[in-house]
Number of protein chains: 2
Amino acid sequence: MSSVFKALSDPTRRKILALLRDRDMTAGEIAEQFDISKPAISKHLDILKEAELVSAEKKGLYRIYSINLTVLQETLSGFMNLFEKENEE
Amino acid sequence: MSSVFKALSDPTRRKILALLRDRDMTAGEIAEQFDISKPAISKHLDILKEAELVSAEKKGLYRIYSINLTVLQETLSGFMNLFEKENEE
DNA sequence: TAACTATTTAACCGTTTAGTTAAATATAAT
DNA sequence: ATTATATTTAACTAAACGGTTAAATAGTTA
């Protein structure tokens with residue numbers, strides 16, 4: 001859970017997730033959307049992968065990244081539930 | 001929004017929020033729950049305040065902290081909504 | 001006024017973070 | 001085999017982070 005929040009704490013990584021919400025993308029396609037170097041993006045992807053927010057599939061020369069919506073939603077809604085039940089013992 | 005995710009990325013701060021979910025607490029009461037120094041807690045509270053996740057009221061010698069549930073819930077559910085509507089244009 | 005208490009601010013320190021460029025790896029194409 | 005391409009890994013750097021102790025601030029009490 002800490003790794004997920006850590007992953008979400010960076011705006012570049014949140015934008016990567018938003019991109020992947022629409023479609024799977026290669027590392028290069030993702031990098032094109034930013035003004036930072038490809039190695040920097042690669043590291044961001046690694047952090048997202050570590051948090052299991054994305055997964056990668058190797059396809060020839062490319063790596064295709066896709067979002068793992070389940071982990072994202074379950075972590076956030078799990079956390080939010082802590083703050084929604086008003087009268088709990 | 002970035003400040004909220006940054007604030008949530010630290011486990012001590014998430015635990016502070018969980019404590020404040022149950023009741024308002026003074027800075028000292030909060031600090032008692034942790035093994036770190038009071039100045040460290042004070043800084044964490046500052047970050048939470050900066051993100052508007054908590055607010056503080058001065059009462060005599062004490063400062064009473066309370067959670068701002070609205071900001072927490074609206075930020076997280078706002079972000080989650082980005083990932084829930086499947087077919088959006 | 002002086003002493004005590006709760007909390008924050010200041011100054012510092014080691015670690016982590018987010019970026020860089022250069023080199024390595026792995027696959028594809030000629 | 002050589003060259004080109006996509007991506008990652010390595011080595012480095014500056015800034016941010018999370019902690020510490022000591023000092024400052026502000027309110028209370030004797």
Side-chain angles (χ1 to χ4, degrees), chain A residues 1-20 22-68 72 75 79, chain B residues 1-20 22-68 72 75 79:
Chain A
M1 156 144 164
S2 225
S3 68
V4 172
F5 277 105
K6 269 288 167 66
L8 293 176
S9 74
D10 181 85
T12 298
R13 290 193 290 267
R14 290 198 303 274
K15 189 177 168 191
I16 290 174
L17 292 176
L19 290 169
L20 292 177
D22 292 334
R23 62 178 181 87
D24 293 355
M25 294 173 90
T26 69
E29 287 174 324
I30 294 168
E32 275 173 19
Q33 306 299 313
F34 297 89
D35 279 343
I36 62 183
S37 68
K38 282 173 187 176
I41 294 295
S42 187
K43 265 199 282 186
H44 282 305
L45 288 169
D46 214 49
I47 288 164
L48 289 168
K49 211 163 39 182
E50 199 64 37
E52 294 180 280
L53 287 169
V54 308
S55 55
E57 196 201 344
K58 211 168 185 172
K59 194 144 200 174
L61 211 41
Y62 303 87
R63 271 177 193 73
I64 300 176
Y65 283 87
S66 32
I67 193 172
N68 189 345
L72 179 61
T75 304
F79 178 73
Chain B
M1 156 145 164
S2 223
S3 66
V4 172
F5 276 106
K6 267 289 166 66
L8 293 177
S9 73
D10 181 84
T12 298
R13 291 193 290 267
R14 291 198 302 275
K15 189 176 167 191
I16 290 174
L17 292 176
L19 289 169
L20 292 177
D22 292 335
R23 62 178 181 87
D24 293 355
M25 294 173 89
T26 69
E29 287 174 324
I30 294 168
E32 276 174 18
Q33 306 298 314
F34 298 88
D35 278 342
I36 62 184
S37 68
K38 281 172 187 177
I41 294 294
S42 187
K43 265 199 284 185
H44 282 305
L45 288 169
D46 214 50
I47 289 164
L48 289 168
K49 211 163 40 185
E50 199 64 38
E52 294 181 280
L53 288 169
V54 307
S55 55
E57 196 202 342
K58 211 169 184 170
K59 197 144 199 174
L61 210 43
Y62 302 86
R63 271 177 193 73
I64 300 176
Y65 282 87
S66 32
I67 193 171
N68 190 343
L72 180 62
T75 304
F79 178 72

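Order of the sequence lines fixes the chain letters, A, B, ..., with proteins taken first and strands second; residue numbering starts at 1 for each chain.
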Quick one: [X] [atom1] to [N] [atom2], roughly how many Å, whole number?
X     : N      : atom1 : atom2 : result
B/K6  : D/dA16 : NZ    : P     : 9 Å
B/I36 : D/dG18 : CD1   : P     : 10 Å
B/F5  : C/dA18 : CZ    : C1'   : 19 Å
A/L45 : C/dG19 : CG    : P     : 12 Å
A/D10 : D/dC17 : CG    : P     : 11 Å
A/E32 : D/dT5  : CD    : C1'   : 14 Å
A/Y62 : C/dT25 : OH    : C1'   : 16 Å
A/K59 : D/dT5  : NZ    : C1'   : 18 Å

Looking at [X], does any N or O in its side chain come under 4.0 Å of the phosphate oxygens OP1/OP2 on [N]?
X     : N      : answer
B/Y65 : C/dT8  : yes
B/K58 : D/dG27 : yes
B/H44 : D/dC17 : no
B/S37 : D/dT20 : yes
B/R63 : D/dG27 : no
B/T12 : D/dG18 : no

With sugar-phosphate meaning primed atoms plus P, OP1 and OP2, does A/A40 contact a base, only sugar-phosphate, or nothing at under 4.0 Å between heavy atoms?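 Base contact.
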
Evaluate the side-chain proximity of A/H44 to A/F34: yes if any heavy-atom separation is below 4.5 Å, no if none is.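 Sidechains of A/H44 and A/F34: no contact.
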
Would you say A/E29 and A/Y62 make side-chain contact, with heavy atoms under 4.5 Å? no

Among the candidates [options], find the nucleotide nearest to the side-chain atoms of [X].
X     : options              : result
A/P39 : D/dG19, D/dT9, D/dT7 : D/dT9
A/K43 : C/dG19, C/dT8, D/dT9 : C/dG19
B/K38 : C/dT8, C/dA18, D/dT7 : C/dT8

Want to settle it: does B/D46 or A/L61 sit nearer the 5' end of DNA chain C, counting the closest nucleotide to each? B/D46

What residue among B/L17, B/N68, B/L20 forms side chain to side chain contact (heavy atoms under 4.5 Å, CB included) with B/L53? B/L17

Step by step, work out the salt bridge (charged side-chain N to carboxylate O under 4.0 Å, His left out) result for A/E50 and A/K6. CA-CA 11 Å; A/E50 199 64 37; A/K6 269 288 167 66; over 6 Å; no

So how far is it from B/I64 CD1 to B/R23 CZ, rounded to the nearest 0.5 Å? 10.5 Å

